[in-house]
Colleague: 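Here's a structure for you.
Nothing here was measured: the structure is a model prediction, and the numbers come from that model.
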Amino acid sequence: MNYYIGIDLGGTNVRVCKVDDEGKIIQDVIAPSHGLEGPEKIEANILDLLKQFDLSDVKSIGLAIPGPVDGERNVITQATNIPGCENYPFADNMQKVTGVPVFLDNDANAAGLAEAVLGAGKGYNVVYYLTHSTGIGGGLVINGHVIQGHKGYAGEVANVIVDPTAKQFDNYKHLNRGGVETIASGTAIGLFGKEILGEEGDSARKVFALAKQGNADAQAIIDKMSKDIATCLADISAILAPDCFVIGGGCSHSSDQYFDKIRENFKAMAHPGMREVPIFKAELEEPGVLGAAMIGKSHLN
């Protein structure tokens with residue numbers, strides 16, 4: 001049996017796990033990440049946590065980061081939640097100390113990789129993972145390998161225009177008008193909810209709850225969001241032709257209220273040859289840290 005270390009680094013906490021080939025967590029540690037205290041502190045903290053693990057049988061270490069990663073240079077290119085970490089040589093430094101190969105990738109890609117090789121997408125060659133949460137991100141996994149593209153931006157669909165006539169909130173002036181994140185993310189659902197429903201609808205959670213109670217305005221917001229995400233998936237399918245889609249993230253916890261609508265709209269818009277491509281809900285409880293562990297494994301295979 002081979003073992004891998006997965007490190008899921010966030011702005012608040014860091015989780016380190018030892019995982020086997022089948023994705024079973026053997027050992028698990030969670031601690032504050034010191035994400036606002038600079039890369040040296042973050043790195044020292046992680047190395048200290050790794051002292052709790054036997055690394056003698058570990059094949060690789062994978063580090064999932066909240067931001068784009070340049071796979072060729074194995075460095076973070078943008079890190080909003082862990083400022084000051086851009087281009088910091090985490091991988092090189094940690095490899096020198098541990099003697100174990102270290103690989104980085106962004107957290108959405110890590111979650112997508114986990115779902116592709118261990119979760120809902122297992123058994124499919126080409127898996128596109130969409131994270132539907134505060135924001136909208138994505139990752140393309142082919143035969144168990146994340147496709148990173150130029151500077152790690154492959155699959156990042158937040159800026160893909162799905163409705164150029166949609167309102168653009170001030171929060172999203174940095175993105176295209178009608179970009180899918182600007183009108184269909186959890187944040188956008190809350191913004192539309194506040195505008196239409198007032199304070200009782202100022203978050204995605206509240207909008208979903210009101211819709212479940214029969215509120216027509218809340219339901220209309222969810223219906224529009226479902227069509228916008230379906231449009232995005234139809235666009236993706238025309239270019240990448242994945243064998244399946246997997247949708248995860250916080251909003252997907254309310255999948256019973258909108259996944260069937262996404263599927264229905266997708267079938268109406270996708271190329272006839274792609275209309276039967278399945279759209280699955282993510283199924284793993286720990287996609288972040290499992291995906292981090294699989295990052296290293298995928299680089300060695």
Side-chain angles (χ1 to χ4, degrees), residues 23 62 64 68-69 71 105-133 135-163 176 178-181 183-185 225-253 255 258-284 287-288 290-292 294-295 297-299 301:
V69 168
D105 209 331
N106 114 331
D107 50 6
N109 281 349
L113 178 60
E115 286 291 343
V117 301
L118 300 171
K122 186 175 181 179
Y124 291 87
N125 292 327
V126 182
V127 179
Y128 186 86
Y129 176 82
L130 187 84
T131 178
H132 186 206
S133 191
I136 290 181
L140 176 64
V141 182
I142 300 179
N143 295 325
H145 296 272
V146 173
I147 306 303
Q148 292 195 330
H150 181 66
K151 295 185 178 180
Y153 283 96
E156 293 300 339
V157 294
N159 214 23
V160 171
I161 299 170
V162 295
D163 182 359
N176 288 328
V180 67
E181 181 169 309
I183 57 176
S185 64
M225 171 271 291
S226 303
K227 185 176 182 180
D228 291 333
I229 289 183
T231 302
C232 182
L233 297 187
D235 290 345
I236 293 167
S237 73
I239 300 168
L240 302 178
D243 296 315
C244 72
F245 291 98
V246 179
I247 303 178
C251 289
S252 70
H253 296 314
S255 60
Y258 73 104
F259 270 39
D260 283 345
K261 293 183 175 67
I262 290 177
R263 295 180 182 111
E264 180 182 346
N265 282 296
F266 176 80
K267 286 184 177 182
M269 290 183 282
H271 186 279
M274 294 297 296
R275 288 175 185 168
E276 299 307 315
V277 169
I279 300 172
F280 297 124
K281 178 184 177 181
E283 63 182 36
L284 297 175
L290 289 176
M294 295 299 105
I295 290 168
K297 181 180 179 181
S298 71
H299 278 275
N301 292 340

Colleague: To the closest 0.5 Å, what do you measure between CZ (Phe266) and CZ (Arg275)?
Modeller: 9.5 Å
Colleague: Under the side chain to side chain contact (heavy atoms under 4.5 Å, CB included) rule, what do Leu140 and Val146 come out as? Steps first, then yes or no, please.
Modeller: CA-CA 6 Å; Leu140 176 64; Val146 173; over 6 Å; no
Colleague: Measure across Pro287 and Ala114 and return the closest heavy-atom pair with its distance rounded to 0.1 Å.
Modeller: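 Closest approach of Pro287 to Ala114: O-CB, 3.5 Å.
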Colleague: Taking Glu181 for its side chain and Gly135 for its backbone only, find out whether a donor-acceptor pair lies under 3.5 Å.
Modeller: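 No; judged by distance alone, with no hydrogens or angles, the pair does not exist.
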Colleague: Less than 4.5 Å apart, any side-chain heavy atom of Pro278 and any of Arg263?
Modeller: no
Colleague: Testing the basics here: between Ala64 and Ala110, what is the closest heavy-atom pair and its distance to 0.1 Å?
Modeller: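 For Ala64 versus Ala110, the nearest heavy atoms are CB-CB, 3.8 Å.
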Colleague: Distance from Ile295 atom CD1 to Leu290 atom CG, nearest 0.5 Å?
Modeller: 11.0 Å
Colleague: Taking it one step at a time, do Asn106 and Glu156 satisfy side chain to side chain contact (heavy atoms under 4.5 Å, CB included)?
Modeller: CA-CA 11 Å; Asn106 114 331; Glu156 293 300 339; 3.3 Å; yes
Colleague: Sequence neighbours left out, what passes salt bridge (charged side-chain N to carboxylate O under 4.0 Å, His left out) with Asp243? Give chain and number order.
Modeller: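 Salt bridge (charged side-chain N to carboxylate O under 4.0 Å, His left out) list for Asp243, sorted by chain: empty.
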Colleague: Quick one: CG on Leu113 to CG on Leu118, what's the gap to the nearest 0.5 Å?
Modeller: 7.5 Å
Colleague: To the nearest 0.5 Å, tell me how far Ser255 OG sits from Lys281 NZ.
Modeller: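 NZ of Lys281 is found 3.5 Å from OG of Ser255.
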Colleague: Without placing hydrogens or testing angles, list every side-chain donor-acceptor pair under 3.5 Å for residues 226-235, not counting sequence neighbours.
Modeller:
| unit_1 | atom_1 | unit_2 | atom_2 | d |
| --- | --- | --- | --- | --- |
| Ser226 | OG | Ile222 | O | 2.8 |
| Asp228 | OD1 | Lys224 | NZ | 3.0 |
| Asp228 | OD2 | Lys224 | NZ | 2.8 |
| Thr231 | OG1 | Lys227 | O | 2.8 |

Colleague: Could you pull out all residues at least two apart from Lys267 that satisfy salt bridge (charged side-chain N to carboxylate O under 4.0 Å, His left out)?
Modeller: Glu276
Colleague: Enter the distance from Met294:CE to Asn109:CG here, rounded to the nearest 0.5 Å.
Modeller: 15.0 Å
Colleague: Passes side chain to side chain contact (heavy atoms under 4.5 Å, CB included), Ile279 versus Ile247? Steps please.
Modeller: CA-CA 7 Å; Ile279 300 172; Ile247 303 178; 3.8 Å; yes
Colleague: Not counting sequence neighbours, list each pair that qualifies as a side-chain hydrogen bond (donor to acceptor under 3.5 Å, both in side chains) and has a residue in residues 136-148.
Modeller: Asp105-Gln148
Colleague: Using a 3.5 Å distance criterion without hydrogens, assess whether the side chain of Asn176 forms a donor-acceptor pair with backbone atoms of Gly178.
Modeller: no
Colleague: Evaluate side chain to side chain contact (heavy atoms under 4.5 Å, CB included) for Val141 paired with Ile147, printing each intermediate quantity in order.
Modeller: CA-CA 6 Å; Val141 182; Ile147 306 303; over 6 Å; no
Colleague: Would you give me the side-chain donor-acceptor pairs under 3.5 Å for residues 121-133, sequence neighbours excluded?
Modeller:
| unit_1 | atom_1 | unit_2 | atom_2 | d |
| --- | --- | --- | --- | --- |
| Tyr128 | OH | Gly155 | O | 2.5 |
| His132 | ND1 | Tyr258 | OH | 2.7 |
| His132 | NE2 | Ala184 | O | 2.7 |

Colleague: Among residues at least two apart in sequence or on other chains, which ones pass side chain to side chain donor-acceptor pair (under 3.5 Å) with Lys297?
Modeller: Asp21
